[in-house]
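Throughout, numbering of the chain's residues begins at 1 and tracks the sequence. Heavy-atom basis, side chains included; hydrogens, waters and symmetry copies ignored.
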Amino acid sequence: MKKILQDLSLTELENLILSLGEQKFRAKQLYTGLMQGKKISEINISATLREKLLSEYEDEPVKISEVFTSADGTKKFLFGLADGNIIEGVLMAYKYGNTQCVSTQVGCRMGCKFCASTLGGLVRNLSSGEILCQILKVNAFAGGTVEKRAVTNLVLMGSGEPLDNYDEVVKFLKSVSAEEGLNISPRNISLSTCGLVPKMYALAEEGLPVNLTVSLHQTTDEGRARTMPIARKYSIDEILKACAYYFERTGRRYIFEYSLISGENCDKKHADELIALLKGKPCHVNLIRLNEVKERNLETITEKQAYSFLGMLERGGLSATLRRQIGADIGGACGQLRASYINKNSGDKNED
């Protein structure tokens with residue numbers, strides 16, 4: 001696999017262009033083309049420069065392989081990588097704009113039982129440029145430009161644990177928010193973690209006030225460990241302290257994701273425990289009706305039960321919402337589409 005040009009900032013690209021004996025302004029031409037989602041071969045540069053670049057850099061590091069459209073308008077993308085790996089992403093339409101869900105790894109090693117991304121374990125990390133290319137491709141696909149983006153908000157909630165790929169994710173956050181690039185404000189970006197406490201502290205020091213979202217899903221360490229192996233390493237108390245530090249450093253309230261799992265975490269006892277745990281803290285609870293993964297034996301609850309649990313939290317003084325279920329008919333849960341694609345294609349190979 002060749003190098004990825006989208007890994008470079010404009011300054012790094014200028015240095016590269018100068019090292020190739022080209023004039024500095026060529027870097028801006030090239031950078032603008034890349035931000036438009038173009039392949040190197042599609043950008044209006046000299047044949048000589050194009051040839052030099054293509055000898056070392058991937059023409060198209062990330063391509064849209066398939067697009068699935070849900071009945072509710074949600075679009076799910078399968079992206080093909082230059083090494084043959086597959087990742088996925090989602091484009092969701094809201095009143096305030098379009099939010100893209102982005103993957104940060106091929107697979108995941110965190111092992112959360114409610115997530116399809118972990119079924120095959122971690123294959124590899126994505127580079128900052130590969131993460132960025134997902135947005136560049138979808139923005140162009142949806143008719144957006146650099147000046148008038150079709151993608152207005154980002155959530156790092158696709159395949160992978162962002163903080164397990166810390167350096168590349170931070171580099172990506174800097175590149176996607178660069179004024180000369182897509183210029184997406186960190187305040188319009190949410191990063192979801194299962195609770196890698198040391199990296200949460202590190203992120204607080206980066207000067208990138210993204211919205212920190214933590215997958216909580218339980219009210220006790222023992223209960224959390226049943227579905228989230230990471231709970232055996234970092235306690236809820238440690239996570240809450242890291243969240244408090246993040247708020248202190250960034251001024252951004254933090255969000256807890258709480259997937260409602262039948263028989264596990266959504267009766268009155270759990271509501272009371274969640275209220276006791278979080279009341280008075282600068283946080284919000286985002287309730288999610290579980291997107292069931294067929295390889296797991298976890299079941300969701302009814303919409304009525306979900307609203308009942310929400311009501312208990314609100315009466316207890318917590319800021320909470322129930323996320324509307326979108327894209328369920330196209331494998332809306334993280335990792336489902338990739339998993340079905342891999343299973344289908346491995347099945348095809350077995351039949352040959």
Side-chain angles (χ1 to χ4, degrees), residues 70-74 90 92-96 99 101 112-118 153 155 157 190 192-195 211-231 235-237 239-240 243 247 253-336:
S70 170
D72 59 28
T74 300
V90 187
M92 302 162 283
Y94 294 98
K95 291 178 181 177
Y96 54 78
T99 296
C101 182
C112 300
K113 290 185 179 178
F114 44 79
C115 180
S117 294
T118 67
N153 297 72
V155 291
M157 297 179 185
S190 294
S192 178
T193 177
C194 64
N211 301 298
L212 180 64
T213 301
V214 180
S215 295
L216 187 60
H217 309 307
Q218 263 288 2
T219 54
T220 66
D221 292 325
E222 181 185 8
R224 200 165 180 260
R226 284 199 297 272
T227 54
M228 301 182 71
I230 196 69
S235 68
I236 291 175
D237 183 57
I239 287 171
L240 291 178
C243 286
F247 176 75
R253 73 171 181 168
Y254 40 96
I255 298 165
F256 290 110
E257 289 191 316
Y258 196 94
S259 289
L260 300 164
I261 306 170
S262 179
E264 270 290 330
N265 65 355
C266 46
D267 57 21
K268 186 178 186 304
K269 169 179 169 289
H270 292 108
D272 290 342
E273 289 174 348
L274 201 55
I275 292 162
L277 197 64
L278 302 180
K279 190 172 181 179
K281 292 181 168 58
C283 67
H284 178 81
V285 179
N286 189 7
L287 299 177
I288 307 160
R289 284 182 62 210
L290 182 73
N291 262 314
E292 293 178 358
V293 177
K294 67 178 181 179
E295 293 85 354
R296 308 294 195 190
N297 60 355
L298 302 177
E299 296 180 357
T300 189
I301 61 174
T302 66
E303 189 172 13
K304 183 178 179 181
Q305 289 171 318
Y307 275 109
S308 173
F309 191 79
L310 172 64
M312 286 187 271
L313 298 187
E314 290 179 329
R315 288 190 295 276
L318 287 190
S319 169
T321 48
L322 176 64
R323 181 192 292 175
R324 68 182 175 98
Q325 235 176 358
I326 59 175
D329 57 323
I330 53 169
C334 177
Q336 283 184 343

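Taking the six-membered ring where the residue is Trp, F256 and Y254 present perpendicular rings, their angle passing 60° and hence far from 30°.
Here the closest non-hydrogen pair linking L322 and A306 is CD2-CB, 3.8 Å. Among all heavy-atom pairs drawn from S192 and E257, the shortest one is OG-OE1, 3.4 Å. Residues A271 and M312 come closest through the heavy atom pair CB-CB, 3.9 Å. Nearest heavy-atom pair, L277 versus T219, reported as atom, atom and distance to 0.1 Å: CD2-O, 4.2 Å. Considering all non-hydrogen atoms of both residues, T74 and M92 come closest at CG2-CG, 4.1 Å. In this structure, L260 and C266 approach most closely via the heavy-atom pair CD2-CB, 3.7 Å.
Every pair passing ring pair (Phe, Tyr, Trp, His ring centres under 6.0 Å) that includes a residue from residues 300-322 is listed here, sequence neighbours excluded: Y258-F309. Screening residues 215-229 for salt bridge (Lys or Arg N to Asp or Glu O under 4.0 Å) gives R226-E264 as the qualifying pairs, with residues at least two apart or on separate chains.
Contact annotation: the side chain of L287 approaches that of L313 to within less than 4.5 Å [non-hydrogen atoms, C-beta and beyond]. Side-chain atoms of I236 and L216, non-hydrogen and from C-beta on, do get closer than 4.5 Å to each other. R323 is not listed as a side-chain neighbour of R289, based on a closest heavy-atom distance of 4.5 Å or more. The shortest distance between side-chain heavy atoms of L290 and E299 does not fall below 4.5 Å.
Taken to the nearest 0.5 Å, the OG atom of S259 stands 4.0 Å off from the CD1 atom of I288.
Between D237 and S235, the side chains place no donor N or O within less than 3.5 Å of an acceptor N or O (distance only, hydrogens not considered).
Under the side-chain contact (heavy atoms from CB on, under 4.5 Å) test applied with L278, the options C243, C283, S319 reduce to a single match, C283.
Using a distance-only test at 3.5 Å, with no hydrogens or angles considered, a donor-acceptor pair links the side chain of D267 to the main chain of H270.
The salt bridge (Lys or Arg N to Asp or Glu O under 4.0 Å) check on K268 picks up D272, with sequence neighbours excluded.
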